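Whatever order the structure lists ligands and atoms in, that order sets their numbers, starting from 1. Predicted model, so just to flag it, every value in this text is computed and none were measured. If you read the sequence from its start, that first residue is 1, and numbering goes on from there.
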Amino acid sequence: MVILDDLSTGSIENIEPYLDNGKVRFVRGSVTDADLVDELMRGTGTCVHLASAVGVQMIVSEPLDTLMRSVRGSNVVMYSATRNGVRVLFSSTSEVYGKQTHSALTEEDDLIFGSPAKARWTYATAKTFGEALLHGYHRQRGADATVVRLFNTVGPRQTGTYGMVLPRFVRQALSGQSLTVYGDGEQTRCFTHVRDSVSALLALLDSEGTAGRTFNIGSASPVAVVELARRVIERADSPARIVLVPYREAYGDGFEELGIRRPDTSALKELTGWQPRFSVDEAIDDVIAHERARMEPAPPLPHVLETPGLA
Ligand code: UDP
């Protein structure tokens, strides 16, 4: 297996433990590098295209980069995969549903965005373009390609730097800072443990009949953001408090928040039998354990004993 990453938002520590077993190779580079992508495609049968700018914070502060890296990268990946007969799983996002408010979003639902002049919609626009591109390659050039829409994937090793709420809350709770709940905190999300998201991707890769289709991946249990904050404080046994931060302070003027975002995953279940196995509390506990371990000082180097008689 080859991992291609430019490490612009990711971290080498997340994959380092897997690089020693001889089965995983890491290449530092960009999905916008057509020659490199083509070289790697020639040696593989399947490509899981996850590369993207992440996090609302980054999207709002760097809309141009979000848009262009995603659009260019997806075109390079789809062109090369199609040319080399490689199957593609393209990760899109629940953001593409935009302002849809009904409670179980299906893959056939219309996508309702706000104005493209508002930076929030940049990510949805970029990912929707990626989806449309994939369908174009599938219909016109026979690409074996599938879209997955991920709903609020959370878990250990996720960074909070670009907005993601759970690692931010956990770090705040462990360091005794106030947990910054945006808006009134009543907005809900279906937080999905990364292990469930990954098992869904693997189940799709094991299935026939996915080409040209779209699948939601996400848990069925909405949790209000303020409730998430309460649970983090409780499970981390932290004295931290909750502070409500207006959206305008968090993301600047003109930010539009989404109240509800809940997936209907029956298409995925019907095809693969997939069900989420981990609760949001398990995700919280795993993130707490990971962040605690990060905060601990590194263990001392092992003491090297001198062995008498050996040169
Ligand atoms: N959020 C929050 N405090 C933070 C970061 C995020 O209250 O420090 C909220 C954010 O406004 C949204 C939810 O948590 O309602 C999930 O945010 P995230 O960026 O993780 O994912 P999103 O659902 O926005 O893609």
Specify the protein heavy atom at minimum distance from [atom]: its residue, its atom name, and the distance to 0.1 Å.
| atom | result |
| --- | --- |
| atom 23 (O) of ligand 1 | Arg189 NE, 2.6 Å |
| atom 8 (O) of ligand 1 | Arg168 NE, 2.8 Å |
| atom 24 (O) of ligand 1 | Val56 CG2, 3.5 Å |
| atom 10 (C) of ligand 1 | Glu257 OE2, 3.7 Å |
| atom 3 (N) of ligand 1 | Thr180 O, 2.6 Å |
| atom 17 (O) of ligand 1 | Val165 CB, 4.0 Å |
| atom 5 (C) of ligand 1 | Gly163 O, 3.3 Å |
| atom 7 (O) of ligand 1 | Tyr182 N, 2.8 Å |

Nearest 0.5 Å please: distance from the CG atom of Leu50 over to the CG atom of Leu150.
->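 Answer for the CG-CG pair, Leu50 versus Leu150, is 7.5 Å.
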Kindly compute the distance separating NZ (Lys99) from CG (Leu111), expressed to the nearest 0.5 Å.
->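 Nearest 0.5 Å value for the NZ-CG distance: 13.5 Å.
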Using distance alone, decide if ligand 1 has a nitrogen or oxygen within less than 3.5 Å of any nitrogen or oxygen in Phe191.
-> no
Is any N or O atom of Gln187, backbone or side chain, closer than 3.5 Å to an N or O atom of ligand 1?
->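 Indeed, backbone or side chain, Gln187 has an N or O that close.
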Which of the atoms of ligand 1 are close to Val181, meaning less than 4.0 Å from one of its heavy atoms?
->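 Taking each heavy atom of Val181 in turn, ligand 1 has 7 (O) under 4.0 Å.
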Which segment of [X] sits under 4.0 Å of ligand 1 when only heavy atoms are counted:
| X | value |
| --- | --- |
| Val225 | side chain |
| Arg261 | side chain |
| Asn152 | side chain |

Check the side chains of Thr210 and Arg87 for a donor-acceptor pair under 3.5 angstrom, ignoring hydrogens and angles.
->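 Thr210 and Arg87 do have a side-chain donor-acceptor pair below 3.5 Å.
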Donor on one side chain, acceptor on other, Ser197 and Thr153, under 3.5 Å =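 Their side chains do contain a donor-acceptor pair, which is all the 3.5 Å distance test asks for.
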Might you work through the side chain to side chain donor-acceptor pair (under 3.5 Å) test for Asp6 and Ser8, ending with a clear yes or no?
-> CA-CA 5 Å; Asp6 66 0; Ser8 52; 2.8 Å; yes
Parallel, tilted or perpendicular: rings of Phe113 and Trp121 (30°, 60°) | parallel
Using 30° and 60° as the class limits, which term best fits the ring planes of His193 and Phe278: parallel, tilted or perpendicular?
->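 Answer is tilted, since the angle falls between 30° and 60°.
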Same apolar cluster (I L V M F W Y, side chains within < 4.5 Å links), Val181/Leu258 = no
ring-ring contact (aromatic ring centres under 6.0 Å, His included) partner of Phe90, the single match among His49, His135, His138 =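 Per the ring-ring contact (aromatic ring centres under 6.0 Å, His included) rule, the option paired with Phe90 is His49, out of His49, His135, His138.
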Within 45 degrees of the axis of the six-membered ring of Tyr251 and under 6.0 Å from its centre: does Arg120 put its NZ or CZ there?
-> no
Determine, using heavy atoms of Tyr162 and all atoms of ligand 1, whether some pair is separated by less than 4.0 Å.
->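 Contact absent.
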